[in-house]
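These figures come from a predicted structure and were not determined experimentally.
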Amino acid sequence: MKQWVQTGKLQKVNDMLVEKLRYYALATEDYLEIYFRKLEGVPKSLLQSMRYSIYAGGKRLRPALCLGTFEIFSREKIDTAVIFAASIEMIHTYSLIHDDLPAMDDDDIRRGKPSNHMVFGEAGAILAGDALLNSAMENLMLSIKGENINAKTKAARIIMEAAGPMGLIGGQSLDIIGADDSDSLNIIYVMKTGALIKGAVLAGGILGGCSKKDEIALSKYADNLGCAFQIKDDIL
């Protein structure tokens, strides 16, 4: 490490990583913008609420994990995977909107800005979250066409499961009840935060053509990353 710092290699690696993350974020946001422009007939207030939170300054970490893993296993352009990455970001954003509600975590500020319900009201926030979740699922279904149907179907199923009662929603339910010990706390971490991170990593790998052995390795990596991410978030 000391040698890397002295030679400037560590800084170069860091710069490359930052640039790559920016590339993944822009690719995801470009797709999201195209998607939102196509939402003709959606009530103006609902669309504003959806866009308010989707563009509220997120790091796009989960899409980056999906796209980065895809590029590890595929030489193809990320066009196919970006549809899944954008859907994952919609799911993540919906979960944040609902998390902030008074009946849940009751947070008035998200990423330095008023939470969705502080701007659009509780009903508006609930509906925006519902709309983003449904949009993500519809988007995933529409992506299952052309080549690699089996991989796309499997990746979509993994993301849907990660967002459901055995994943994100189940974890949030347990979080409301509270943890009695370290084991139950770890279950919350795995489900509430880790599930969608794991879904993003596995979806990217599967879309890229990873092997069964690779899936196992990616799964272990994602489990550890999700746990570490939630621990850091709780400390902050």
Trainee: Is it the case that the side chains of Ser53 and Asn116 hold a donor-acceptor pair, with the cut-off being a distance below 3.5 Å and no angle test?
Mentor: yes
Trainee: Does Arg60 come within less than 4.0 Å of Glu89, counting only side-chain N to carboxylate O?
Mentor: yes
Trainee: Will you find, in the side chains of Tyr55 and Glu29, an N or O donor that is under 3.5 Å from an N or O acceptor?
Mentor: no
Trainee: Determine, step by step, whether Arg51 and Leu47 satisfy the side chain to side chain contact (heavy atoms under 4.5 Å, CB included) criterion, reporting the C-alpha distance in whole Å, the side-chain angles of both residues, the deciding distance to 0.1 Å, and the verdict.
Mentor: CA-CA 6 Å; Arg51 291 179 65 96; Leu47 186 58; 4.1 Å; yes
Trainee: Do you reckon Val82 sits in the same ILVMFWY cluster as Met141, going by side-chain contacts under 4.5 Å, direct or chained?
Mentor: yes
Trainee: Once you round to the nearest 0.5 Å, how far does CD1 of Ile54 lie from CG of Leu132?
Mentor: 5.5 Å
Trainee: If you measure from the Lys or Arg side-chain nitrogens to the Asp or Glu carboxylate oxygens, is any gap between Lys20 and Glu71 under 4.0 Å?
Mentor: yes
Trainee: So, Thr69 side chain and Leu65 main chain: donor-acceptor pair closer than 3.5 Å or not?
Mentor: yes
Trainee: Applying a strict under-4.5 Å side-chain criterion to I, L, V, M, F, W and Y, I'd like to know whether Val201 and Phe229 cluster together.
Mentor: yes
Trainee: Find the distance between CG (Leu32) and CZ (Arg37) and round it off to the nearest 0.5 Å.
Mentor: 12.0 Å
Trainee: Distance check, rounded to the nearest 0.5 Å: Leu21 atom CG versus Leu61 atom CG?
Mentor: 8.0 Å
Trainee: Shared ILVMFWY cluster between Met50 and Ile91, side chains joined below 4.5 angstrom?
Mentor: yes
Trainee: Supply the atom-to-atom distance Ser173 OG to Leu168 CG, rounded to the nearest 0.5 angstrom.
Mentor: 11.5 Å
Trainee: Given salt bridge (Lys or Arg N to Asp or Glu O under 4.0 Å), test Glu33 with Lys38 step by step and report yes or no.
Mentor: CA-CA 9 Å; Glu33 187 59 33; Lys38 293 180 179 178; over 6 Å; no
Trainee: Determine yes or no for a side-chain-to-main-chain donor-acceptor pair under 3.5 angstrom, with Lys113 supplying the side chain and Gly57 the backbone.
Mentor: no
Trainee: Taking atom types as modelled and ignoring hydrogens, do the side chains of Glu138 and Asn134 form a donor-acceptor contact shorter than 3.5 angstrom?
Mentor: no
Trainee: Is the number of heavy atoms from other residues, nucleotides or ligands within 6.0 Å of CE (Met166) greater than 12?
Mentor: no
Trainee: Say whether Asn139 and Tyr31, considering side chains only, have a donor N or O and an acceptor N or O under 3.5 Å apart.
Mentor: yes
Trainee: Between the side chain of Thr153 and the main-chain N/O of Ile149, is any donor-acceptor distance below 3.5 Å?
Mentor: yes
Trainee: Using distance alone, with no hydrogens and no angle criterion, decide if Asp214 and Ser211 have a side-chain donor and acceptor under 3.5 Å apart.
Mentor: yes
Trainee: Quick check: does any side chain N or O of Asn224 sit under 3.5 Å from a backbone N or O of Lys220, one acting as donor and the other as acceptor?
Mentor: yes
Trainee: Applying the 4.5 Å side-chain criterion to the ILVMFWY set and letting contacts propagate, would Ile216 and Leu225 be lumped into a single cluster?
Mentor: no
Trainee: So Arg111 and Leu96, side chain to side chain contact (heavy atoms under 4.5 Å, CB included) or not? Walk me through it.
Mentor: CA-CA 11 Å; Arg111 294 167 179 162; Leu96 298 181; 3.2 Å; yes
Trainee: Applying a strict under-4.5 Å side-chain criterion to I, L, V, M, F, W and Y, I'd like to know whether Met137 and Ile159 cluster together.
Mentor: yes
Trainee: In Å and rounded to the nearest 0.5 Å, what is the CG to CD1 distance from Leu207 to Ile78?
Mentor: 12.0 Å
Trainee: Do side-chain atoms of His98 reach the backbone of Ile126 as a donor and acceptor pair under 3.5 angstrom?
Mentor: yes
Trainee: Taking the side chain from Ser143 and the backbone from Leu140, do they hold a donor-acceptor pair closer than 3.5 Å?
Mentor: yes
Trainee: Donor-acceptor pair, Lys192 side chain versus Ile169 backbone, under 3.5 Å?
Mentor: no
Trainee: Does atom OH of Tyr221 have more than 12 heavy-atom neighbours, drawn from other residues, nucleotides or ligands, at distances under 6.0 Å?
Mentor: no
Trainee: I'd like to know if the side chain of Ser115 and the backbone of Asp108 have a donor-acceptor N/O pair within less than 3.5 Å.
Mentor: yes
Trainee: Look up atom OG1 in Thr93 and atom CZ in Arg62, then write down how far apart they are to the nearest 0.5 Å.
Mentor: 9.0 Å
Trainee: Any salt bridge linking Lys154 with Glu215? Criterion: basic side-chain nitrogen under 4.0 Å from a carboxylate oxygen.
Mentor: yes
